[in-house]
Amino acid sequence: MSRRPQRKTSPQTLSQLRIIGGRWRGRKLQFAPVEGLRPTGDRLRETLFNWLQFHLPDARCLDLFAGSGALGLEALSRGAAEVDFVELNRSAAQTLGDQLKLLGADNGRVHHASAADFLAGTAASYDIVFMDPPFAGDLWQQTLAALTGHLAEGALVYVETPVKRPSPYRRTGRSKRRSGRGRCACDCCALAARSQILRSSV
């Protein structure tokens, strides 16, 4: 009985993102094509990092739910002292680690863990925190609560949430932008005496 020759399976094609500012400006990097992984768009990143430009030099940053690493990589490119990338998906974490090696960025570290487990197991504090959790649940609220004790004096926290999800924090500023994922409203809100939250609803 003859058998049909097996069809060769080609490896998954990696997706690309572009660094938009700093020492790696224009550099194209790869990220894993994980379902639901959606890097923050160029225009929204430009707005965010314009806000953060005076806070980034020598800042210690945390990129939770890192995915492609777009926010943390942008921070490193623009002068952050170091970035901890936390990503639960093994493929995404491995690809992000490969990109850091390609850049020679030894001040970027990838942690294959959930945000909750990472925060429970570290005593580190951060000047800037990026959060782009899956929109299916309320992980951003749980994670903000878990950040207690990990924020340096005057820390900034940036969160992306669904556009219809109300913010429980007092708004101190607002900027509307359109990204690849639709309209987004970026709120700057008071989180606590020690920090501020920059919230983007997309």
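Here the structure is a predicted model, which means the values were calculated and not measured.
Nearest heavy-atom pair, A92 versus E87, reported as atom, atom and distance to 0.1 Å: CB-CG, 3.8 Å. Residue L100 comes nearest to G108 through the heavy atom pair CD1-O, 3.7 Å, listed as atom of the first residue, atom of the second, then distance. Counting all heavy atoms, side chain and backbone alike, A115 lies closest to L64 at CB-CD2, 4.0 Å. Closest approach of S77 to G21, counting heavy atoms only: OG-O, 2.5 Å. Across all non-hydrogen atoms, the minimal contact from A152 to S125 is N-CB, 4.2 Å. Summarising the geometry of L119 relative to A146, their closest heavy-atom pair is CD1-CB, 3.8 Å, with the distance given to 0.1 Å.
Counting heavy atoms from C-beta on, the side chains of L62 and I128 never come closer than 4.5 Å. In this structure the side chain of V83 never reaches within 4.5 angstrom of the side chain of L73, judged on heavy atoms. In this structure the side chain of H112 reaches within 4.5 angstrom of the side chain of R90, judged on heavy atoms. Between E46 and N50, the closest side-chain pair of non-hydrogen atoms falls below 4.5 Å. No side-chain heavy atom of V86 sits under 4.5 Å from any side-chain heavy atom of F65. Between Q30 and Q99 there is a side-chain heavy-atom pair separated by less than 4.5 Å. At least one side-chain heavy atom of F130 sits less than 4.5 Å from a side-chain heavy atom of L48. Between H111 and T122 the shortest side-chain heavy-atom distance does not fall below 4.5 Å.
Inspection of the S114 and D117 side chains reveals an N or O donor paired with an N or O acceptor under 3.5 Å. Side-chain contact of D84 with Y126: a donor-acceptor pair under 3.5 Å is present, judged by distance alone. Neither side chain, H55 nor D127, offers a donor N or O lying under 3.5 Å from an acceptor on the other.
Here the CG-CG distance, from L156 to L56, works out to 9.0 Å after rounding to the nearest 0.5 Å. With rounding to the nearest 0.5 Å, the separation of CZ in F85 from CG in L96 is 5.5 Å. If you take OH on Y158 and CG on L71, they are separated by 6.5 Å, rounding to the nearest 0.5 Å. Distance CG/D132 to CG/L44: 9.0 Å, rounded to 0.5 Å. In this structure, the separation between CZ on R60 and CG on D58 is 13.5 Å, given to the nearest 0.5 Å. A distance of 6.0 Å separates CE in M131 from CG in L147, rounded to the nearest 0.5 Å.
With sequence neighbours excluded, the residues that form a side-chain contact (heavy atoms from CB on, under 4.5 Å) with N107 are R23, L76, E82, A105.
Pairs engaging residues 64-77 under the salt bridge (Lys or Arg N to Asp or Glu O under 4.0 Å) rule: R45-E74, E74-R78 [sequence neighbours left out].
Annotation for Q16: atom CD counts as buried by contact number, over 12 foreign heavy atoms lying within 6.0 Å. In this structure, R109 places its CZ atom where more than 12 heavy-atom neighbours from other residues, nucleotides or ligands lie under 6.0 Å away.
Grouping the Ile, Leu, Val, Met, Phe, Trp and Tyr side chains by contacts below 4.5 angstrom, directly or via other members, places L144 with V129. The hydrophobic clustering, which links ILVMFWY residues whose side-chain heavy atoms are closer than 4.5 Å, places I20 and W51 apart.
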F49 and F54: CA distance, side-chain angles, deciding distance, ring pair (Phe, Tyr, Trp, His ring centres under 6.0 Å) verdict:
CA-CA 9 Å; F49 283 94; F54 300 114; over 10 Å; no

